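Take a look at the structure set out below.
Below, read A as the first sequence line, B as the second, and so on, with proteins coming before strands; counting in each chain starts at 1. Bear in mind the structure is a predicted one, so any value in this text is a computation, not a measurement.
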Amino acid sequence: MTLAAATELATATNEHLANMSNTLIYSAMTVYTLAFLAYIAEWIFGSRSKVARTANALTDGGKQQAGPAVTVKKAGGTAVLERPKVVVRAAAGARDVPDGPGAHGGDVQGDMYGRIAVSLTVLAFVVQLAGVIARAASVGRAPWGNMYEFSITFTTVAVGLYLALLALKKNVRWLGLFLTTTVLLLLGLAVTVLYTASDQLVPALHSYWLYIHVSTAIFCGAVFYVGAVATILYLFKDSYENKLEAGIKPGSFATSVLERLPASASLDKFAYRVNAAVFPLWTFTIIAGAIWAGDAWGRYWNWDPKETWSFITWVAYACYLHARATAGWKGRKAAYLAMIAFACWLFNFYGVNIFVTGKHSYAGV
Amino acid sequence: MSKTETDKDQEELGAAGSQLSTAPREEPLTGVPAFGVIGWIRWFWRQLTSMRVALLLLLMLSLAAIPGSLIPQSGADINKVADFQQAHKTLAPVYDKLGLFHVYSSVWFSAIYILLFISLIGCIVPRAWQFIGQLRGRPPGAPKRLTRLPAYTTWRTTAEPEEVRAAALKLLKRRRFRAHAEGDAVTAEKGYLRELGNLVFHIALIVLLVSFAWGQMYKSDGTKLMVEGDGFSNALPMYDDMKSGSLFRSDDLVPFSFDLKKFTGTYESSGPNRGTPRTFQATIDYSVGAYGKRKTTTVKVNEPLHIGDSKVYLVSHGYAPVVTVRDGKGKVVYRDAVPLLPLDGNVTSNGVVKVMDGYKDPRGKSEQLGFQAFFVPTFDPKSGTMMSQFPALLNPLLAVNAYHGDLGVDAGIPQSVYQLDTSHMKAFKDGKGQLLKKLLKPGDTMSLPNGAGSITFEKDVKQWAGFEIVQEPGSIWALTGALAAIFGLAASLFIQRRRVWVRAVRGADGVTVVEMAGLGRSESAKLPEELGDLAGILYDQAPGAPDPDDAPATSPDPHVVPAEGAEK
Ligand code: HEM
């Protein structure tokens with residue numbers, strides 16, 4: 001085989017891989033759409049359940065009902081070696097509200113659709129992952145050289161994170177509908193507006209620091225995203241609980257949806273844990289970026305727009321963590337800060353690439 | 001920790017939870033001082049070092065950073081600032097006044113971060129003392145009613161209270177709790193690394209900022225364009241361009257020198273990445289100090305050469321065609337490699353050749369010559385454009401046109417070596433009166449009209465490499481600070497500081513009652529799990545006694561629910 005023929009073959013293979021990747025991404029979108037519909041079905045069937053747990057818990061009658069679930073250790077006779085049970089109580093001033101049962105609301109059919117939806121999500125994830133890998137193989141580098149690639153990788157990681165949390169038996173199935181909706185929107189945007197056939201990487205992007213920096217950035221983004229969804233739902237659920245506590249009857253749609261979500265305290269805690277857990281990694285991401293910039297451009301910190309917005313995002317999340325430690329800022333105020341911080345992250349990815357030009361302008365749009 | 005209730009239990013609980021962190025207590029803003037200057041200063045200081053103000057300053061810092069990312073900054077791109085000033089005649093002076101073209105060195109931005117760091121220091125020092133105090137002191141004893149705590153368990157045992165307490169003390173110590181027995185209970189605390197991590201993190205932020213500021217003041221940052229074969233020694237006059245910090249002095253420059261031997265660039269020849277550099281490196285010989293040994297090394301885009309605090313970066317590359325200019329008599333008046341500046345990724349380049357002295361026109365009058373050069377390393381007639389089609393030297397082509405007259409270089413005004421000031425020059429015309437220009441292949445010559453001489457594009461095309469030499473002391477400290485910040489942060493966020501109490505007393509009926517309770521700074525699912533775990537182990541050593549038949553096992557408090565972990 002001549003050299004020219006070999007290169008031609010290689011080109012053909014690359015194009016073949018790129019086409020395959022596109023097909024896989026479109027297929028994944030189809031399966032995500034099915035999963036989306038199944039999640040919707042889960043929510044609709046779940047709306048048949050009429051148990052108003054939150055309302056019960058927040059009224060006096062409810063409290064008496066929910067009360068004596070506790071059994072203090074009883075060793076019946078000498079033979080039984082039953083271990084003592086731990087009782088937990090909410091901190092003073094916090095509401096004791098049980099978590100909702102999830103989207104299916106205890107409805108058997110709803111639960112079945114929920115399970116189907118999760119299975120479809122797994123399938124879509126696998127297909128999408130294959131698409132991302134094919135894309136990486138076609139360009140011969142990590143799949144995050146432009147916004148299209150960043151988007152498909154980011155959504156894959158976000159879904160992977162959700163599935164991982166499910167596999168760890170965390171109570172996160174309620175995330176499914178919100179997640180598939182966002183993923184479909186982002187992928188839709190990616191394949192239409194952001195699509196870039198394939199392009200070159202400037203030499204400054206050839207560095208293992210890039211791999212570290214960008215992969216952690218994508219991962220952090222996915223985690224921040226999950227935290228943000230939980231925060232928004234917390235805000236809704238919290239005002240719902242506030243209304244109930246104040247004796248106001250919320251609308252029936254709000255009741256139906258919010259009753260099935262975890263308690264506001266659980267959502268808040270979940271959002272906090274997720275954001276706090278990833279904050280050190282985000283710090284590391286920025287430092288890795290600075291080291292890379294130091295090696296590539298000769299300056300660790302240039303106040304380039306991308307760097308500036310990473311910094312702003314970082315400071316915003318630091319604000320949020322501080323707010324959680326400051327008495328008057330817990331709860332809703334801290335949640336608003338978390339939303340602002342996530343908005344900064346979003347702007348850093350979409351806004352900065354589209355509206356602002358800087359050294360990071362390899363976006364390919 | 002908790003809502004202030006005047007309930008006595010609650011107070012006691014507060015004492016149990018005291019000193020579980022070193023966060024400053026929030027004081028209401030209304031405490032305006034009534035006593036003189038000192039009072040005001042003290043009040044101001046207390047405000048500045050409160051968590052609330054730290055939060056506000058952080059918020060302000062992030063807000064203040066925004067304009068710099070949207071408005072062109074003179075530190076990043078001075079040309080863009082000029083464009084902006086051209087385009088916005090009314091807005092620009094206002095922006096200028098506000099320092100919006102150099103946000104990150106403006107007075108107000110500096111004021112925010114300086115206040116933040118004063119606040120930070122003012123916060124760290126007392127917290128560090130408090131933390132040392134907590135390490136030297138003992139955690140507070142068990143509150144009277146352990147049932148009130150977030151995690152609680154109890155059982156009756158046949159073991160003696162003393163035995164239970166001894167076993168608990170041993171168990172907790174083995175689990176690396178700081179534990180001691182006091183009265184009828186054992187008190188234990190764990191997770192001090194959280195506080196330490198938090199302090200380390202905040203101190204690391206200061207280290208980071210100080211080393212950054214230090215680096216900026218002593219920094220130097222210069223560029224040098226070198227054609228293959230050129231030499232450089234690290235002294236101020238050798239730089240093309242140099243910026244430096246306010247405290248930098250030229251004898252701070254690390255003494256070294258290097259020669260550019262060769263630049264190597266190879267590029268992907270096909271596929272979607274056609275033209276992407278595969279190798280992109282400069283081979284240099286360098287020596288450190290006046291009499292250092294010569295060593296050969298390569299500098300690549302992401303791999304600068306480190307010499308002391310100095311780093312040599314390869315930042316750019318281009319071609320330098322060798323041209324020869326002859327006068328009408330055939331005498332060589334100029335022969336050199338002319339570095340041209342790239343215009344695009346395929347190294348379409350332009351530049352000028354300036355013949356400053358030695359040239360005489362056909363009438364024997366001294367004159368200067370200037371040539372505008374346009375160069376492509378790979379010309380492809382099929383492409384239908386003059387732009388280069390590939391970055392490597394596959395089919396080089398040089399287009400030149402020529403001027404004669406006064407280059408203006410003697411006027412003492414600094415002039416770019418890449419631009420021709422034609423205001424005092426006349427273009428050479430061809431036979432038809434058009435601007436004389438010609439496309440030259442290597443070896444080709446363009447003759448100037450009327451025996452004015454010629455210019456030859458020699459077969460030799462050299463390459464040049466642009467280096468940036470940056471010297472920034474203190475970066476190792478910045479890196480250390482950054483790493484310490486990450487570890488401190490991780491410790492501070494992932495480690496729970498918590499207390500466990502074990503009380504064992506003889507009940508009214510003579511049977512020992514064991515009570516265990518746990519308290520953390522924030523509610524955590526781990527806390528009840530850990531307590532259940534400890535209780536399980538202790539239970540094995542102090543097994544349960546039968547309940548008195550008549551005592552119904554009801555909760556001491558109706559508001560409790562079973563622990564998630566303990567249920568399963
Ligand atoms: C440069 C500005 C600052 C940044 C980026 C920053 C960042 C952070 C972060 C990310 C945390 C979370 C760690 C945790 O929750 O344990 C934290 C905690 C904390 N910060 Fe800061 N901080 C800054 C300035 C300050 C200042 C000025 C103070 C003093 C008033 C302060 C006092 C605290 C305290 C007391 C905590 C611990 C809260 C707790 O125990 O939960 N920080 N800081």
Side-chain angles (χ1 to χ4, degrees), chain A residues 7 10-11 14 66-75 77-78 81 83-89 91-93 96 139-140 197-201 203-204 206-207 269 276 279-280 283-284 287 295-296 298 300 302-305 308-309 311-312 315-316 318-319 322-323 325-329 356, chain B residues 2-3 10 23 26 51-52 54-55 58-59 61-62 65-66 68-70 73 76 104 150-155 269-273 275-277 280 301-302 304 313 315 468 470 482 485-486 489-490 493 523 528 531-532 535-536 539 544-547 553-555 558-563 566:
Chain A
T7 16
T11 313
N14 286 343
V70 177
T71 41
V72 174
K73 160 66 200 144
K74 272 194 289 186
T78 44
L81 268 181
R83 295 199 156 184
K85 279 181 181 158
V86 175
V87 296
V88 198
R89 43 180 284 143
D96 244 336
V139 286
S198 38
D199 65 350
Q200 319 173 354
L201 278 192
H206 292 293
S207 161
K269 225 184 285 177
F279 187 74
T283 312
F284 170 77
I287 291 168
D295 279 357
Y300 292 100
N302 293 288
W303 291 107
D304 167 85
T308 305
W309 278 94
F311 172 76
I312 294 171
V315 175
C319 278
H322 265 213
T326 309
W329 280 76
V356 190
Chain B
S2 56
K3 262 195 187 171
Q10 213 56 52
E26 281 307 304
M51 282 294 277
R52 192 189 308 103
L55 185 59
L58 269 172
L59 270 174
L61 186 69
S62 56
I66 295 177
S69 71
L70 305 175
Q73 297 293 293
Y104 308 110
Y152 173 79
T153 187
T154 181
W155 70 94
S269 59
S270 67
N273 294 321
T276 307
F280 197 80
V301 168
N302 278 309
Y313 294 90
V315 288
E468 183 165 354
V470 180
I486 294 179
L489 195 56
L493 289 169
E523 286 171 72
L531 191 74
Y539 183 77
D547 271 323
T554 48
S555 160
H559 293 245
V560 287
V561 286

Can you see which heavy atom on [X] is nearest to which on [Y], and at what distance?
{"X": "B:Leu58", "Y": "A:Cys319", "answer": "CB-SG, 3.5 Å"}
{"X": "A:Ile287", "Y": "B:Ala482", "answer": "CD1-CB, 3.4 Å"}
{"X": "A:Lys85", "Y": "B:Thr153", "answer": "O-OG1, 2.7 Å"}
{"X": "A:His322", "Y": "B:Met51", "answer": "O-CE, 4.0 Å"}
{"X": "A:Val86", "Y": "B:Ala151", "answer": "CG1-CB, 4.1 Å"}
{"X": "A:Pro280", "Y": "B:Ala490", "answer": "CG-CA, 4.1 Å"}

If I measure from the heavy atoms of chain A, does B:Gln73 come under 4.5 Å with its side chain, its backbone, both, or neither?
neither
In terms of heavy-atom proximity below 4.5 Å to chain A, should B:Leu531 be classed as side chain, backbone, both, or neither?
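Both parts, heavy atoms under 4.5 Å.
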Sequence-distant partners of B:Ala65, side-chain contact (heavy atoms from CB on, under 4.5 Å), two or more places apart:
A:Thr308, A:Phe311, A:Ile312, B:Tyr104, B:Phe109
